[in-house]
Amino acid sequence: MMRRSLVESGDMDPMLQKTLDAVNKSGNSFNESRRKRPRWAKDIGFDIKDARKEPVDVLWFVGDFASFDPRSQKVSKTFARLLHEAGVDFGILYEDETTAGNDIRRVGEEGLFQTLAEGNIATLAECDFKRIVTTDPHSYNTLKNEYPAFGGNYRVDHASALLKELIDSGAVTLPKKLDYKVTYHDPCHLGRFNKGYDPPRAAIAGTGVDFVELPRSRDNSFCCGGGGGRVWVPDPPGVTKPGENRVREAGAIAGLDMLVVNCPKCMTMLEDAVKTAGFEGKFQVKELIELVAEAMDLDEKAAAAAAAELIQEKV
Amino acid sequence: MTLTDTHKITRILFQDFPPWMVAVFYGMVIVAVAVFLWGVFRQLRKYAAGQRDRDLWATARQRIGDTIVTILSHRAIRRRDQAAGGVHAMIFYGFVLLFIGTATITLQYDILGPFGIDFWYGGFYLTFKLVLNLAGLGLILGLVYMMVRRSWIKPPKLNYARPDRAPTDPDYNREFYRIEDWAFLWTLILIGITGFVLSGARLIWLQDDPTVWDYRWWSPVAAVLAAILKGLGLGAAVAVKLRLGLWWTHGILALTFIALIPYTKVKHIFTAIGAWLVKDPDALRRLPAGDLDQEKIGYTEITDFGRRYLLQADACTKCGRCHEACPANATGYPLSPRDMILTVREHADRQLTPSFVGLGHAGPISILGNGDVQVRSETLWACRQCGACTEICPVGVEHVPITT
Amino acid sequence: MKILVPVKRTASLDDEFEMRDDGRDVDADFCEYDINEFDEFSVEEAIKIKEAAAEGAVEVVVVTVGSEDADEVLRKCLAKGADRGIRVWDDAMEGSDQIAIARILAKVIEREQPELVLTGAQSSDHGFAQTGIALAGLLGWPHGAVVSFLDYTPGSASLSFRRELEGGLEQQASIALPAVLTIQLGINRPRYASLRGIRQASAKPVEELTHGDLGLGDDQVGEAGSLSHVRRMYVPERGRSEMIEGTPAQQASRILQIIREVRG
Amino acid sequence: MAGILIIAEHRQGVFRPITLEAVAAAETIKAGSGGGVAVAVIAPQPGAYVPWVSVAAVDEVITVTAPNDEFDPDVTQAAVKALIEARKPSVVLMAHSVDSWAVAPALAAELGLGFATDVFDLCYDGGELVATRAAYKEKVFVELDFPGKETVLLTIRSNAFKPAAGTGSPAVSDFPIPGLAPRTRHQGWQEPPPSGGIDIPGAEFIMSVGRGVGDEANIEQFAELAEVLGATLGCSRPIADNGWLPKARQVGQSGKLAANCKLYIAMGISGAVQHQWGMKHVENIIAVNKDADASIFTVAKYGVVGDMFEIAEELKAQAGRN
């Protein structure tokens, strides 16, 4: 609780202060206007249900990074198409969703966190859903473990758990066997915090890739460096970033094709680290959802579905 | 040897000691226990200066079972360091058995004996001797390994260099903890060694007494030592003097050791178990809610800390696992979870355990700042809240909620 | 000794917005509001002077002209360390331009009699750069615009400051008090107001006044009291650069081609 | 008397050509104003500036002897007030400069003049003066008029009008003003930090980085790219304020004007008006920004909507090859 008194006395990095001001003003850490939050979903070929107006099975709490960060927006689009393909009844909160506040609380801005929590809980109270799913382990952690204290009791699952369910139930079929050599980075908030080690590994196994564990994995996973608000504060030049340390560890795996991540913040930190640590072109950073989508042949299926719709219109 | 004689198979305490010497010994015992109790009181008063924690006992009750299993199985200490964990288990069980042994003698000699109840003889006594011999051997071998580990294997995590201070800072050097580590090791190992040589000398001294000599192999280590000493020509006459000298060395070392438990690293015997007991299992995933209407939020002074955190700060034995697991520390940031917790402890000791002279605060009040016993804001901001430290800590320190 | 700091609640737009029905401003639903960026620096400068002085020697009063929603801005300043807040509003003030607002603020200043008034050099939404110096004109006080450095010990009759001119040149000057200074960005590093601080600041007093309380006539406020009138506000037909499409590689090669064309 | 009164600007004894942009603005409304164009010069030796303002469009130059060497808001305000009361011009124009910031609003408030600042277009519409300025960070334009105002004071945005030229032979007259005890005392100048060999005003090819660069560690990558392309590295104000690049590299109103630039590449710069002041005039501008609606695209000749880091890498790779 020492950071909380630093926040009260305003003793913090100017870039962090800008982010807190942005969240205060517009409910997201990217200083984008609230209206822009669902804009990522505009061109995915179908309209996602509006959970504020219609009952849904799965309420997808998208989160800041998955809504605004260009790289993670691609993942969100893929996830939406994947759920659509798998016939999942899901919806999002569109522009009424604000950041869940996990990292705002861990930065020490407890007042702002409680306001965000109360705001989101009030919005969720108006919605009719069975469970909440999110691709961001940070949102997942605070929704699942910290919202109950403020009256928000929900069944919350991380996207990887839903992926496993869909694969097990056959709703998601993985016809295409991928021959990549792949390793997996356990996100701290999903693994160490909430013991979500196995569902992602099960999903990876389903894609038929050659899977290798990192030396430091599961509860000893080495952090990508993006937690506790550090994703908003750039590392001073000249300091090696935690992400680079992690990328070097992955680079030591001979013939590695892909480092699979399972969190938008890890994606941001590790993709940057691949560049700065000089591993570009050696291996790719890919999200678990993207890997599963590739094994699902999602793009071909979507193209086929679109073609079918065209034929139907002509008839 | 008839049944009635089995009573003779025992050890006569304070054998051939003049009464004044026995009285002196008991005087010393009382002083040692008094010093120990005063130390315990001071620590408890320190923890009481922290903030009450409503659900502290709720988590404690839930975790009694888990704590017992963790302590006995040493699973927390064995994780990712099987060798150190296993050896610590040897030392732990050795020490516990020896402690039980001493307690049994006290029960027999000081409590039940006066009422004429005897049990410490014959088969029981011989098994007692055997068990304690093995316990003592385990303890000494464990300590030898720890000494080798510290001085020769030298795992990087035992390096006390601080990443959150520059070499020019007055409090950069934490080598003084190393002195305490070695004093702890040497004291304990000397107590063990003097105990064995003492009993070996006793065997030589009483070699003519069949009730002692004929059963010496029930204390195999002592018997071996006796054989060696005899081989070197040690006679009964000299052995008795050697036995007296070693008895007092062993006694004084042991009493000093017990007296200083609450003031030194040895207190982890109690604080580590206590810390694990009060550790919140959801420490990482659910931060304690702050009351926004209170006059103050967050920690600035040491008395703002929750009591459980002050207790945990005292449980740290500087094993370095959090120091090694921390991503900020591994990449050159000015943060080591270990050094941050030690700073909290040093600050608490300086503020809340007043010198004997009187109450009063020595040094800066706030825990935050760039002074020598303070946590710097750059240290707190380097943290990634990834939880690796709190997750691996074998004594249940909750670095993450303390930092946030 | 008292420092008075007028602050403004400014709007920022999403890139997709619609105009108000009368076409003279943007529809409020498309605006997000926050304290004017320049005012963060003027408030910080006032609080720094207060903190440097003896306890209670300096009182910092923040004033805003605006409806109830502007309370949030005052609370943020109070959370940072301002002592008192004043909000002036009634329906007659609707549509006031910068000079009408300056006139209202001038009346508040006559009531409060501060030694020093610090305003933002301009607003981040309209950038008029008028209110502060117009205020000085109405009060007849000495003034300095676009101040990038300020050295003042409370109680002294004057203070020295620097103005930031074009090209990075700075002019050093001193000014007699009471005076009005408009503050440029970068003069200090504004502190953060935690949400808890803002909530607790709502306990600090905020005085609400109308133009009547200030002895201003109806014709001195609102559109009647303004020196300019908005005929219309519109989204301009923009010249649009020739967009270079394609993959980053294709775009880069087109750029290199342009460089060779221009640079030969 | 009607007509238009323009207040000339000078600093450190040097005439500021921005005055001629106000003259150019005056030319566009000369007909409607029903009078001539007069330029007032308020300075210790006003005569020295007469040749500078004797351009074609100027009918009259009024010299006003000021007691103080450098610009003092009180003196200028008193002088212009006296001029307005004496001549009753229908329009008074000043450049939208830091000096006019310090006097125009006080003057307008005191005399109740029609008033607008940072104007970049003006005209008479049915006998009514209409001025156009921008709002909400250039996203909208606003037309203002001044019903019932005999005299209107406007400050003109720099680089909005091409400076008036040609030679004229204006009548020169002197205008005495009462002495005034100045309340602010000029104490001296502080020159901007030495540019250390960085010559933004002289550079023909500039590549600037803005907030889009994200953090200090990424600056190096663009410094190298500028070198490979043979461009001078520039930046926007936030980069200089954060100390990530020296102030001498800052392009914009409080930095440098890219006066000599033929080709300007803007990387991750949104295009605030203060920055545009420094580069809007450049003939060839290439803007790279991830926000398709950034206002930089309204001034750039070529635009790329994309990730500046990807574009930079491709540029460096391809430029390196040939």
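No experiment lies behind these values; they were computed from the predicted model shown. Below, chain A is the first sequence line, B the second, and so on; all start at residue 1.
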Inset, instruction - Answer with side chain, backbone, both or neither: which region of C:Arg191 has an atom nearer than 4.5 Å to a non-hydrogen atom of chain A? - result: backbone
Inset, instruction - Under 4.5 Å heavy-atom distance to chain C, tell me which part of A:Arg4 shows up: side chain, backbone, both or neither. - result: neither
Inset, instruction - Measure the spacing between CD1 of C:Ile183 and CZ of C:Phe161 and express it to the nearest 0.5 Å. - result: 9.5 Å
Inset, instruction - Verify the neighbour count for atom CG of C:Asp21: are there more than 12 heavy atoms of other residues, nucleotides or ligands below 6.0 Å? - result: no
Inset, instruction - May I ask you to check whether C:Phe17 and C:Phe30 place their ring centers less than 6.0 Å from one another? - result: no
Inset, instruction - May I ask you to decide if the ring planes of A:Phe283 and A:Phe279 are parallel, tilted or perpendicular, using 30° and 60° as cut-offs? - result: tilted
Legend entry - Which portion of C:Lys80 sits near chain A, non-hydrogen atoms under 4.5 angstrom: neither
Inset, instruction - Check each of A:Arg37, A:Lys265, A:Lys36 against A:Asp64 using the salt bridge (Lys or Arg N to Asp or Glu O under 4.0 Å) test, and report the only one that passes. - result: A:Arg37
Legend entry - Heavy-atom contact with chain C under 4.5 Å, split by part of A:Asp11: neither
Inset, instruction - For chain C, find which of A:Glu110, A:Arg35, A:Met12, A:Lys25 contributes the most heavy-atom pairs closer than 4.5 angstrom. - result: A:Arg35
